[in-house]
Protein chains: 2
Amino acid sequence: MSHRYLILGLLAERPMTGYDIKKHVKAALGTVTNASYGTLYPALHKLQQEGAVEVEEVPQKGRPAKKVYRITESGQSELQGWLRQPATTDQIRREFLLKVYLAKGMEKQDLLLLLANRRCETEALLKSLREEKQDLHDPQQGWVVDYALSVCKAEMDWIKRMEAQVGAA
Amino acid sequence: MSHRYLILGLLAERPMTGYDIKKHVKAALGTVTNASYGTLYPALHKLQQEGAVEVEEVPQKGRPAKKVYRITESGQSELQGWLRQPATTDQIRREFLLKVYLAKGMEKQDLLLLLANRRCETEALLKSLREEKQDLHDPQQGWVVDYALSVCKAEMDWIKRMEAQVGAA
DNA sequence: GTGCGCATGTAAGAGGTTACATGATTAA
DNA sequence: TTAATCATGTAACCTCTTACATGCGCAC
């Protein structure tokens, strides 16, 4: 998904340090992406080299200076161009689904265990998403949470149908 | 998701060549993974080295011999071990969702365009999934298709809600 | 004679994760 | 004093994608 545009998009809102970006992503986009420092810092350096972002060193009392990045004109137009393009469709790429498909090699009880396990996890995720919905940073985060919520609910229903079907067999 | 177990799982059903695996994946697991030759062949070599699969060269008339891989005892037990473990939860990692989140930087019309675009794509996917459901190779594929169908429907509903909300604003 | 299906592979590179390395401040 | 938060980075590694390279047989 290229973290390039994630960074550009967040910097379009306000200038930030790499550290700020990481925190913001974790707080508001945890369901969408992870963005480790090993991705973020090199990406910022590259964007800077290419002139899509600028850096300003801000001195601090007692601490080494921090690097605040801000998006440039050129970065802005690149971002706009990307936003206007339709998103590439991505697979459902779920390890869980692969296990379900490969379930022919499993005992019925093992399959039921797999499903029950997944049901619990999905329930927990659902709960945390509902909590996240309580205090949001911005309306866009609400949309993302709603999306995740819809997908999660759909998965729950499917799991329950599967359990009934497998249990009956 | 490691294609290692995908290969092991398919070979557990019946011996296959790398080419067969590719075709089978495309036909039955297209929504879950892609598996290019660049992944498949090296993975098969590695599995062979480690003794999880065996190879048999089958001569053909007029053509060079093909390599038919079959799973070994050791491969079987590795597969079973993996199947028994709960699947790791994966993110929703959708480029589309990121665009939605970054929509603050967009004009209202651009956002509506993004949504409409996505709606069409999802509709098309839904249609092809329904067709896929008509002629299935095995019941497991049916489960996977059902899953994809559920998730797609959830996405459709969400898109429509979003469109109504954004349109009204 | 052109293109598709069968069949196997490699190489370069993109993109990402994990763990390591460093070091100051502040609150419990 | 111990842990968390602030803050920046690198190096090794893994996985996967794309594109290339090869070559036969068969049907249209």
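Chain identifiers are assigned alphabetically (A, B, ...) following the order of the sequence lines, protein sequences preceding nucleic acid strands; residue numbering begins at 1 within each chain.
Among residues two or more places apart in sequence or in another chain, the salt bridge (Lys or Arg N to Asp or Glu O under 4.0 Å) test is passed with Glu107(A) by none. Among residues two or more places apart in sequence or in another chain, the side chain to side chain donor-acceptor pair (under 3.5 Å) test is passed with Arg119(A) by Glu163(A). Every residue two or more places apart in sequence or in another chain that forms a salt bridge (Lys or Arg N to Asp or Glu O under 4.0 Å) with Glu155(A) is listed here: Arg94(A), Arg118(A). Evaluation of the side chain to side chain donor-acceptor pair (under 3.5 Å) rule for Thr39(B) yields Ser36(B) as partners, not counting sequence neighbours. Legend: residues meeting side chain to side chain contact (heavy atoms under 4.5 Å, CB included) with Leu136(A), ordered by chain and number and at least two apart, are Gln141(A), Val145(A). Every residue two or more places apart in sequence or in another chain that forms a side chain to side chain donor-acceptor pair (under 3.5 Å) with Asp110(A) is listed here: Arg84(B). With sequence neighbours excluded, no residue forms a side chain to side chain donor-acceptor pair (under 3.5 Å) with Lys46(A).
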Expected string for nucleotides 18-27 of chain C under the B/S/- scheme (protein heavy atoms, under 4.0 Å, primed atoms plus P, OP1, OP2 as sugar-phosphate) is B-----BS--
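Spacing between atom NE2 of His45(B) and atom C1' of dA11(C) amounts to 14 Å, rounded to whole angstrom units. The distance from atom CG of Leu40(B) to atom P of dT15(D) is 14 Å, rounded to the nearest whole Å. To the nearest angstrom, C1' of dT8(C) lies 20 Å from NZ of Lys46(B). Between Leu44(A) atom CG and dG16(C) atom P there is a gap of 13 Å when expressed in whole angstrom units.
The stretch residues 47-60 of chain A has no heavy atom under 4.0 Å from DNA chain C, so no residue of it qualifies as close. Within residues 14-24 of chain A, no residue approaches DNA chain C, by heavy-atom distance under 4.0 Å.
Within the structure, ring pair (Phe, Tyr, Trp, His ring centres under 6.0 Å) pairs that include any residue of residues 105-149 of chain B comprise Trp158(A)-Tyr147(B) (at least two apart or interchain). For residues 134-144 of chain A, the pairs satisfying salt bridge (Lys or Arg N to Asp or Glu O under 4.0 Å) are Asp138(A)-Lys104(B), with sequence neighbours left out.
More than 12 heavy atoms of other residues, nucleotides or ligands sit less than 6.0 Å from atom NZ of Lys108(A).
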